[in-house]
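Inspection log for the structure reproduced underneath, given as structure tokens.
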Protein chains: 2
Amino acid sequence: MFTKTLIAEDMQDINKGIHAALCELGIKEIHQVQYCDDAYLKIKKAELDGVPYELLITDLSFKRDWREQKIRSGEELIRTIRNEFPEMKIIAYSIEDRIQKVRSLITSYGINGYVCKTRRGLVELTNAISSVFENIPYLSPEVSHALNPTNDLEINDYDILLLEQLSKGLSQDDISLYFSKNNIKPSSLSSIEKRLNKLRIDFKANNAIHLVATAKDLGLI
Amino acid sequence: MFTKTLIAEDMQDINKGIHAALCELGIKEIHQVQYCDDAYLKIKKAELDGVPYELLITDLSFKRDWREQKIRSGEELIRTIRNEFPEMKIIAYSIEDRIQKVRSLITSYGINGYVCKTRRGLVELTNAISSVFENIPYLSPEVSHALNPTNDLEINDYDILLLEQLSKGLSQDDISLYFSKNNIKPSSLSSIEKRLNKLRIDFKANNAIHLVATAKDLGLI
DNA sequence: AGTACCCTTACGGCTTATCGTAAAGCAAAA
DNA sequence: TTTTGCTTTACGATAAGCCGTAAGGGTACT
């Protein structure tokens, strides 16, 4: 089993819960931080001291408070760590269950495990740790189909851009103007209407509000 | 200090974290449940056995799963317990920080403490327990102004309901119909328009799409 | 060139949303 | 009871969204 791990999780209660679970797994050195910057510094120092961490368990979202942070999210932390310490095992532990997000974490940063915070989250986390220790990637059942490219709708960058602008409160007219100014084609109101109509059909949405809400649920925007 | 307490919290990790904190407080009998119905049954049985719980620490929102539950939320649990066991101390521990909600929990059900799940949530929870043990009500700083009736610009359950229906793709007409069918007042199209207009202003949203997107970002829906 | 095809754009009708104003309903205070 | 103030409802005008049809503009192939 791992001997030295780091927990990065802003919420004290969850952090403590994870700690208790790791203890039961027989891990000896367990360190805890509530800020991403602290996580980075601890990992950096451990490396310099010649006693590096073997495993990082990190949340994705960290609430901001009065402490200024260079690294503001778990995703940034993962990217940074992956760059400088490619060998370290990383497990993300988050309430986030958006497939797109999970997929990008795996493909872009090569995390070793992803566990959803659910009722049985801790059980899964212990399973994930054992699995990752044996070099087998682990995904929670909720997101295990993230790597399965079958259910890919034909959503492209233009669609995402469109939905983003829509969710920011721009009218279709505004978006048309914005697109033509920024040389994004097609830019006409009619084309935008057409594309949105297609998206509504694809996502089985009744109207634009429903469409944007669905896109947010799916993690597209 | 209390000698017998119950923790009702669906998330395993948080439940475990609370448990560890209570242990450090020197509480001897700490029981844990992940479902509201279990909490009720345990409390009922303890009463019948003549060894009642002195303190209940409960979450407010419990995710539904395959297990059918009669009591579906922390609020319902609190109402039930208050009715049957008026002398039991109750502390709500939730991420919810809507003043209106906290206020109603205090005034309607007379809970003894309310602690927000934040970074330092556990520290506050231990403070709350000590305070409640000495019969002094406790409120997290985030909501300590809940009893101060100055703040009126609040989002209430009606607003949430409205935003939810909107995000599900119903038109304002549909919602009006739905509300009158389900006896939710006010239900007229005009009132719905007015309320949405107020919400748009409160959230600085350009239109309904923007409003729903913002509400989703804030986790209101 | 011609034509076949697809993507883009334009426009008109119809529906829904947004906004202002005003009337009706209701309850507490005078 | 009347007055007063607030909430809810009604309605009309303008704007935005939705939908079908058709015209314009490329590109590739014959």
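Naming: A, B, ... by sequence-line order, numbering from 1 per chain.
- For the pair A/Arg200 and D/dC19, the criterion of a side-chain N or O lying under 4.0 Å from OP1 or OP2 is met.
- Between A/Asp159 atom CG and C/dC7 atom P there is a gap of 13 Å when expressed in whole angstrom units.
- In this structure, NZ of A/Lys198 is placed 16 Å from P of D/dC18, rounded to the nearest angstrom.
- Distances from the side chain of A/Ala208 to the nucleotides C/dT9, D/dC18, C/dA22 place D/dC18 closest.
- Under 4.0 angstrom from either OP1 or OP2 of C/dT9 there lies no side-chain N or O belonging to A/Ser190.
- Distance from the side chain of A/Asn207 is smallest to D/dC18 among D/dC11, C/dA22, D/dC18.
- Distance B/Ile209 CD1 to C/dT16 C1': 12 Å, rounded to the nearest Å.
- The residue A/Ser191 sits close to a base: some heavy atom pair falls under 4.0 Å.
- Proximity note for B/Glu193 (side chain, C-beta onward) versus C/dG20, D/dA22, D/dT9: the nearest is C/dG20.
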Would you give me the side-chain donor-acceptor pairs under 3.5 Å for residues 183-190 of chain B, sequence neighbours excluded?
unit_1	atom_1	unit_2	atom_2	d
B/Ser188	OG	B/Ser191	N	3.0
B/Ser188	OG	B/Ser191	OG	3.1

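- Atom CG in B/Leu196 sits about 14 Å away from atom P in D/dT9, given to the nearest Å.
- Taking 4.0 angstrom as the limit, A/Asn197 places none of its side-chain polar atoms (N or O) nearer than this to OP1 or OP2 of D/dC18.
- No close placement of the B/Tyr138 and B/Phe133 rings is indicated, their centers lying 6.0 Å or farther apart.
- The six-membered or imidazole ring of B/Tyr53 lies near that of B/His31, with a centre-to-centre distance under 6.0 Å.
- Across all strands shown, A/Lys185 has no heavy atoms under 4.0 Å from either base or sugar-phosphate atoms.
- Nucleic acid contact class of A/Gln172 (heavy atoms, under 4.0 Å, all strands): sugar-phosphate only.
- Atom NE2 of A/His210 is separated from atom P of C/dT16 by 16 Å (rounded to the nearest Å).
- Using modelled atom types, one side-chain atom of B/Asn112 and one backbone atom of B/Ile90 make a donor-acceptor pair closer than 3.5 Å.
- Spacing between atom CZ of A/Arg195 and atom P of C/dC6 amounts to 16 Å, rounded to whole angstrom units.
- Between the C1' atom of C/dA17 and the NZ atom of B/Lys194 lies a distance of 14 Å, rounded to the nearest Å.
- Residue-environment remark: CZ (B/Arg120) stays at or below the threshold of 12 foreign heavy atoms within 6.0 Å.
- Between A/Leu189 atom CG and D/dA15 atom C1' the separation is 13 Å, expressed in whole Å.
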